[in-house]
Peer 1: 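Dropping a structure here in structure tokens format, bear with me for questions.
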Amino acid sequence: MTEPFDPTALGEPAADDGLGNGTASVAPPPADAVAQPPEPIELTEAALEALLFVAERPLSRREIAALAGADRATVDARLGDLEVSLRSRGIRLLIDGARVELATAPEGGALVARYVGADATRLSPASLETLAIVAYRQPVTKAAVERVRGVDSDYTIRTLLHRRLVVELGRSSAPGRPFLYGTGFEFLERFGLTSLDELPPLDADVAARLAEEGGEPVTDPLFGTILGEGRQGGPAPDGGEGPG
């Protein structure tokens with residue numbers, strides 16, 4: 001038996017526009033069809049460690065908070081707990097500003113290097129000197145590095161960029177808008193640091209020269225002992241990286 005036609009099943013009647021054409025009204029979607037934010041997940045220390053372990057890149061505190069549905073205070077507290085817990089283990093929590101990442105502990109570097117097939121490529125004295133200037137003066141332009149060193153540093157900076165020890169942080173507001181350089185996570189991992197706060201303090205004379213940005217060219221190897229690769233097995237020989 002055919003059900004009788006119910007005009008109300010089509011919703012409200014169309015409004016007449018005066019020309020005999022009706023404009024159909026659209027009923028609002030049901031309340032349960034509207035996308036709801038995901039349920040918060042308890043951000044335990046173990047959950048945070050697992051997240052950072054599977055992440056293929058450094059994560060920001062804001063990303064972690066959004067993923068877990070937690071506030072920044074909770075994220076900061078859990079990161080602090082995890083950092084303390086990992087201090088005696090083979091993994092370290094690296095902190096670079098608002099970004100965090102897991103990395104192997106420096107004391108396990110030799111064994112890890114043997115597993116992957118070779119020791120980390122050593123840096124030449126020129127690269128170590130340039131890297132030290134960038135680390136302590138960042139963000140810094142290539143011109144400022146060259147004023148401190150007194151020599152052209154284009155090749156050396158490009159080499160450090162290729163090895164991801166130095167990264168581009170943005171552009172300066174100076175004429176020509178040159179790139180600003182700083183250090184990245186590869187730098188922290190290479191030298192066994194968990195943050196830039198662990199950089200050794202500078203000698204007063206060296207700090208003054210860096211602050212002057214090369215008012216007097218630095219011709220003596222002031223920076224060789226600052227970032228010497230003793231943690232990697234001794235001072236770095238010249239890696240044949242070319243001049244500068």
Side-chain angles (χ1 to χ4, degrees), residues 35-123 127 130-131 134-135 138-140 156-171 179-199 227 229 231-233 239:
Q36 299 294 328
E39 289 293 326
I41 299 175
E42 184 181 1
L43 188 62
T44 64
E45 189 177 322
L48 177 59
E49 182 178 0
L51 174 63
L52 295 176
F53 179 80
V54 300
E56 298 180 350
R57 58 176 176 79
L59 297 180
S60 70
R61 297 169 191 260
R62 178 180 297 178
E63 286 179 288
I64 297 171
L67 287 169
D71 55 42
R72 279 291 301 273
T74 300
V75 173
D76 292 342
R78 293 298 172 271
L79 285 171
D81 295 339
L82 183 59
E83 182 182 14
V84 173
S85 297
L86 294 177
R87 286 177 183 173
S88 60
R89 293 161 55 183
I91 300 295
R92 294 288 187 274
L93 180 66
L94 303 187
I95 301 174
D96 185 12
R99 301 182 305 158
V100 294
E101 182 183 43
L102 293 181
T104 56
E107 51 266 35
L111 186 59
V112 172
R114 182 172 295 178
Y115 170 76
V116 299
D119 289 328
T121 304
R122 297 297 180 86
L123 296 174
S127 290
T130 302
L131 188 55
V134 172
Q138 60 183 305
V140 64
T156 306
I157 289 179
R158 283 191 287 113
T159 299
L160 294 172
L161 283 169
H162 178 71
R163 294 181 179 179
R164 296 186 296 181
L165 294 170
V166 165
V167 296
E168 294 174 353
L169 299 179
R171 288 184 178 272
F179 281 109
L180 289 168
Y181 298 104
T183 54
F185 276 95
E186 294 286 339
F187 169 81
L188 297 176
E189 293 178 6
R190 179 66 177 267
F191 293 97
L193 306 173
T194 58
S195 74
L196 293 175
D197 294 335
E198 295 183 358
L199 282 170
L227 292 182
E229 296 186 290
R231 300 189 189 195
Q232 302 290 336

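Keep in mind that the numbers below use all heavy atoms, side chains included, and drop hydrogens, waters and symmetry copies.
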Peer 1: If you compare all heavy atoms of Leu169 against all heavy atoms of Pro139, which two are closest, and at what distance to 0.1 Å?
Peer 2: CD1-CB, 3.8 Å

Peer 1: Please report the C-alpha distance between Thr130 and Tyr181 in whole Å, then the side-chain angles of each, then the deciding distance to 0.1 Å, and finally whether the side chain to side chain contact (heavy atoms under 4.5 Å, CB included) criterion is met.
Peer 2: CA-CA 11 Å; Thr130 302; Tyr181 298 104; over 6 Å; no

Peer 1: Does atom CZ of Arg171 have more than 12 heavy-atom neighbours, drawn from other residues, nucleotides or ligands, at distances under 6.0 Å?
Peer 2: yes

Peer 1: To the nearest 0.5 Å, how far apart are CG in Leu196 and CD in Glu198?
Peer 2: 9.5 Å

Peer 1: As an exercise, state the distance from OG1 of Thr183 to CG of Leu160, rounded to the nearest 0.5 Å.
Peer 2: 11.0 Å

Peer 1: Determine, stepwise, if the pair Leu193 / Phe187 fulfils side chain to side chain contact (heavy atoms under 4.5 Å, CB included).
Peer 2: CA-CA 8 Å; Leu193 306 173; Phe187 169 81; 4.0 Å; yes

Peer 1: Please tabulate, for side-chain N and O atoms in residues 94-111, each donor-acceptor pair with protein atoms closer than 3.5 Å (sequence neighbours left out).
Peer 2:
residue: Asp96; atom: OD2; partner: Arg99; partner atom: NH2; Å: 3.2
residue: Glu107; atom: OE2; partner: Arg92; partner atom: NH2; Å: 2.6

Peer 1: Kindly write out the residues that satisfy side-chain contact (heavy atoms from CB on, under 4.5 Å) with Ile41, not counting sequence neighbours, or none if the list is empty.
Peer 2: none

Peer 1: Between Leu48 and Asp81, is the side chain to side chain contact (heavy atoms under 4.5 Å, CB included) condition met? List the steps.
Peer 2: CA-CA 10 Å; Leu48 177 59; Asp81 295 339; over 6 Å; no

Peer 1: I'd like a table of donor-acceptor pairs (distance under 3.5 Å, sequence neighbours excluded) in which one partner is a side-chain atom from residues 65-79, with atom names and distances.
Peer 2:
residue: Asp71; atom: OD1; partner: Ala73; partner atom: N; Å: 3.3
residue: Asp71; atom: OD1; partner: Thr74; partner atom: N; Å: 2.7
residue: Asp71; atom: OD1; partner: Thr74; partner atom: OG1; Å: 2.7
residue: Asp76; atom: OD1; partner: Arg61; partner atom: NH1; Å: 2.7
residue: Arg78; atom: NE; partner: Leu43; partner atom: O; Å: 2.8

Peer 1: Does any non-hydrogen side-chain atom of Val134 lie less than 4.5 Å from one of Leu165?
Peer 2: no

Peer 1: Check whether Glu63 reaches the backbone of Leu59 with its side chain - one donor and one acceptor, N or O, closer than 3.5 Å.
Peer 2: no

Peer 1: Would you compute the distance between atom CD1 of Ile157 and atom NE2 of His162 and round it to the nearest 0.5 angstrom?
Peer 2: 16.0 Å

Peer 1: Mind running side chain to side chain contact (heavy atoms under 4.5 Å, CB included) on Ile91 and Glu49 for me, showing each step along the way?
Peer 2: CA-CA 10 Å; Ile91 300 295; Glu49 182 178 0; 5.7 Å; no

